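Following this message is one structure expressed as structure tokens.
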Amino acid sequence: KQAQLMEVLKKEVRAMLIAAKAGLTPEQLEEQYMAMVCKPLPLCDLGFQSTLELVTQMPEVVRICSSKNGGLILKAIADDSTKGIAKLVANQKVKTRNKASKKTATKANATFPTKNFRNPQSLQTLGARAPVLPATVKAGLQDLLSSSPLLLGDFDKAFLRRFGRAFQYQQYGFLSMSEVLRSMSDSIVVEQTKAGSLLVLRRCLASNIEQEEVPQASAAEMPPLEPICETESFCQAALPMDSEPVQTEAVDLGDHLKRCQGFEQLSPTPEIPPDAVQDKSLCSLPPLKRRCLVGVIVEFIVSPSQFYIHICSTEASYKLQDLMFEMRHVYSHKVASDKYIMPESAVRPGQLCCVKVSKWWYRVIIHRVINDQEVEVFCADYGHLQVVQKSWLRFLKWHYSKLPAQAIPCSLAWVKPVGGTWSSAAVLLFKHLCRFKEFVGIVDEYVNGVLYLFLCDTSTKEDVYFHSVLRDMGYADVCGENVPSQEFEELNPSALYVQPSGKRENAEEVEPDLRLQQESRDAGSETTTSKLDGAEL
């Protein structure tokens with residue numbers, strides 16, 4: 001049993017190290033294994049005390065090198081079956097800011113017809129961009145700066161203190177912290193001060209300027225910072241500053257508390273707020289037109305036949321981030337949070353609500369009730385199912401349901417797994433291909449609400465099509481047509497709980513910017529796809 005586990009582990013370690021062009025430290029290997037396999041390295045099961053001791057027993061898989069700073073770097077030793085992917089990784093472009101070489105796209109393989117399919121310039125514009133931070137990481141950085149500006153020299157300590165881990169920008173594809181800040185220039189401003197570079201949240205900077213320009217409102221016009229609901233606060237506010245409380249006030253206070261207690265006994269169940277969503281569904285994003293090119297980020301992966309993407313739209317990204325910030329601000333107040341507590345009768349499958357996970361609030365739909373304490377929910381903006389406590393659920397405020405569900409269910413076009421099901425090695429390879437990058441998605445068609453598309457990485461010397469990589473590695477057959485996803489046929493939460501955009505009233509008012517962007521992309525790529533007919537496909 002240990003020998004079988006060791007053989008599987010060797011394949012997984014080799015796949016992770018091959019995907020890392022510069023290699024990984026032992027700590028990074030541990031983190032990536034946990035992120036990809038969702039469990040720690042099985043050191044104890046194999047009788048090892050450390051990761052370094054483990055890799056020393058894999059001389060045919062791992063080469064241990066020393067770095068410039070004296071540390072250890074683990075690099076992969078490719079075998080016959082992985083030399084192809086190792087060559088693709090080795091050909092990745094070195095990021096330089098002073099060169100702008102014109103890209104020459106080549107045909108990825110004979111099965112996928114790239115000739116007359118698209119303008120290489122269009123693929124480069126959509127896909128060959130700087131690395132992209134995941135939405136949750138962006139939100140975390142903005143949250144770190146939301147309380148006060150921060151000196152760049154103090155950033156590492158502040159991040160470690162807030163999140164309990166170091167900020168490793170390399171794992172997201174960045175070469176320096178400066179690149180990270182440039183990628184977030186739309187939300188973070190770097191100001192030069194005598195003490196050094198100061199990181200300021202752009203929205204805080206704008207609000208400060210606004211406060212300087214707008215005359216100060218009177219105390220009566222200013223809203224309270226926190227809801228005033230304590231009886232003691234009410235009584236103190238009602239008394240003049242120089243007055244002293246008398247016995248009659250204490251008696252009145254006791255009567256008031258008794259009346260409140262009597263009212264609570266008469267009304268044991270809280271009243272459902274009028275703006276709470278009770279019988280409503282989120283709508284989906286407008287469908288994409290066939291053959292259009294879109295920038296995408298892969299958010300959640302089950303297999304190449306079942307994954308979820310976000311469309312790289314600045315407007316949509318802003319709206320989702322703003323929604324998460326506003327929900328956190330509103331639901332973090334105890335009074336507001338208690339107001340939207342869901343009674344047991346409302347906790348039922350199909351109920352749209354929100355849930356708190358790691359300090360953030362997410363829009364979710366209850367998929368099933370597991371027991372008296374737990375439910376399984378579907379995160380409509382990211383695509384995954386998760387088990388949460390019932391006590392974490394809250395009614396969703398009505399206006400938070402206007403933004404369409406941002407996760408799009410997808411399947412890789414024209415491929416089917418060898419042997420009928422995707423192997424763990426194939427899934428792991430696909431996850432590595434999709435990590436922390438923005439890709440070009442080439443829309444093929446929708447089948448039963450699932451988007452079938454090709455994925456292309458244009459950050460390498462030659463365009464890399466994911467279906468070709470899976471085929472070349474022996475994990476997939478390219479069949480020239482879309483085979484219905486077995487995983488989505490078994491369970492497709494989006495089809496169960498999210499309405500198609502055309503069926504929702506006034507859907508045209510929900511996300512006009514995305515449709516306008518899509519139309520402009522379609523117009524730009526119309527000339528490049530007009531020559532592609534059914535015979536060529």
Side-chain angles (χ1 to χ4, degrees), residues 1-96 131 165-176 179 423-437 457 459-462 464 466 468-475:
K1 185 177 180 181
Q2 283 189 341
Q4 293 177 350
L5 178 59
M6 190 66 171
E7 288 303 314
V8 173
L9 188 59
K10 285 180 180 180
K11 293 180 180 179
E12 293 173 341
V13 169
R14 177 182 276 123
M16 282 185 277
L17 293 178
I18 282 179
K21 183 177 180 180
L24 299 173
T25 65
E27 294 78 12
Q28 289 173 335
L29 177 63
E30 293 172 5
E31 292 177 359
Q32 292 206 15
Y33 188 87
M34 173 66 81
M36 291 300 175
V37 187
C38 299
K39 60 182 180 181
L41 284 167
L43 300 177
C44 296
D45 295 342
L46 295 171
F48 297 109
Q49 299 295 324
S50 66
T51 302
L52 188 58
E53 184 182 355
L54 168 68
V55 297
T56 55
Q57 300 302 314
M58 300 180 178
E60 74 281 13
V61 174
V62 182
R63 183 170 67 253
I64 303 176
C65 310
S66 58
S67 62
K68 294 180 181 179
N69 59 6
L72 295 178
I73 296 294
L74 310 179
K75 294 189 176 182
I77 299 176
D79 58 4
D80 293 338
S81 63
T82 57
K83 285 181 180 178
I85 188 67
K87 184 179 179 181
L88 291 174
V89 173
N91 287 335
Q92 282 189 328
K93 292 178 180 177
V94 178
K95 297 180 184 178
T96 56
R165 57 183 175 83
F167 179 61
Q168 298 179 342
Y169 51 79
Q170 299 94 337
Q171 68 175 338
Y172 306 116
F174 292 92
L175 299 178
S176 66
E179 281 193 354
S423 65
S424 59
V427 174
L428 189 62
L429 173 61
F430 186 68
K431 287 182 177 180
H432 273 295
L433 291 171
C434 296
R435 286 189 78 233
F436 307 125
K437 274 188 180 181
D457 184 359
S459 65
T460 55
K461 292 179 181 178
E462 296 182 359
V464 176
F466 291 6
S468 302
V469 176
L470 292 172
R471 179 201 61 189
D472 295 343
M473 296 295 292
Y475 297 138

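The basis for the numbers below is simple: all heavy atoms, side chains too, and nothing from hydrogens, waters or symmetry mates. Bear in mind that the values here come from a model prediction, so they are computed numbers and not experimental data.
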- Message: Which heavy atom of Arg435 sits nearest to which heavy atom of Lys431, and what is that distance?
- Response: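 In this case the closest contact between Arg435 and Lys431 is CG-O, 3.0 Å.
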- Message: Taking side chain to side chain contact (heavy atoms under 4.5 Å, CB included) as the definition, give me every residue that meets it alongside Glu31, ordered by chain and number, with sequence neighbours left out.
- Response: Gln168, Gln171
- Query: Which atom pair, heavy atoms only, marks the closest approach of Leu428 to Ala15?
  - Reply: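 Of all heavy-atom pairs spanning Leu428 and Ala15, the closest is CD2-CB, 4.1 Å.
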- Please identify each residue that fulfils side chain to side chain donor-acceptor pair (under 3.5 Å) with Glu12, with sequence neighbours left out. Tyr33
- Considering all heavy atoms, the nearest Leu433-Phe466 contact: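 Heavy-atom minimum between the residues: O-CZ, 3.6 Å.
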- Task: Please name all residues satisfying side chain to side chain contact (heavy atoms under 4.5 Å, CB included) with Leu29, sequence neighbours left out, ordered by chain then number.
- Result: Val13, Met16, Leu17, Leu24, Thr51, Val55, Leu74
- Message: According to ring pair (Phe, Tyr, Trp, His ring centres under 6.0 Å), who are the partners of Tyr169, at least two apart in sequence or on a separate chain?
- Response: none
- OG1 of Thr25 to CG of Leu72: how many Å apart, nearest 0.5 Å?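 Between atom OG1 of Thr25 and atom CG of Leu72 there are 9.0 Å.
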- Please list, chain by chain and in numerical order, all residues satisfying side chain to side chain contact (heavy atoms under 4.5 Å, CB included) with Leu5, sequence neighbours excluded.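 For Leu5, the residues satisfying side chain to side chain contact (heavy atoms under 4.5 Å, CB included) (neighbours in sequence not counted) are Pro42, Asp45, Leu46.
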- Before giving the answer on side chain to side chain contact (heavy atoms under 4.5 Å, CB included), spell out for Leu54 and Leu43 the whole-Å C-alpha distance, their side-chain angles and the decisive distance to 0.1 Å. CA-CA 7 Å; Leu54 168 68; Leu43 300 177; 3.8 Å; yes
- Shortest non-hydrogen contact between Asp457 and Thr460, atoms and distance: O-OG1, 3.8 Å
- Kindly say whether Ala78 contributes a backbone atom to a donor-acceptor pair with the side chain of Arg14 at under 3.5 angstrom?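 No: the side chain of Arg14 does not pair with the backbone of Ala78.
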- Message: Under the rule for side chain to side chain contact (heavy atoms under 4.5 Å, CB included), what residues qualify as partners of Lys10, not counting sequence neighbours?
- Response: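 By the side chain to side chain contact (heavy atoms under 4.5 Å, CB included) rule, Lys10 matches Met6, Glu7, Met58, Glu60, Val61.
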- To the nearest 0.5 Å, atom CD1 of Ile73 lies from atom CD of Gln28 at 6.5 Å
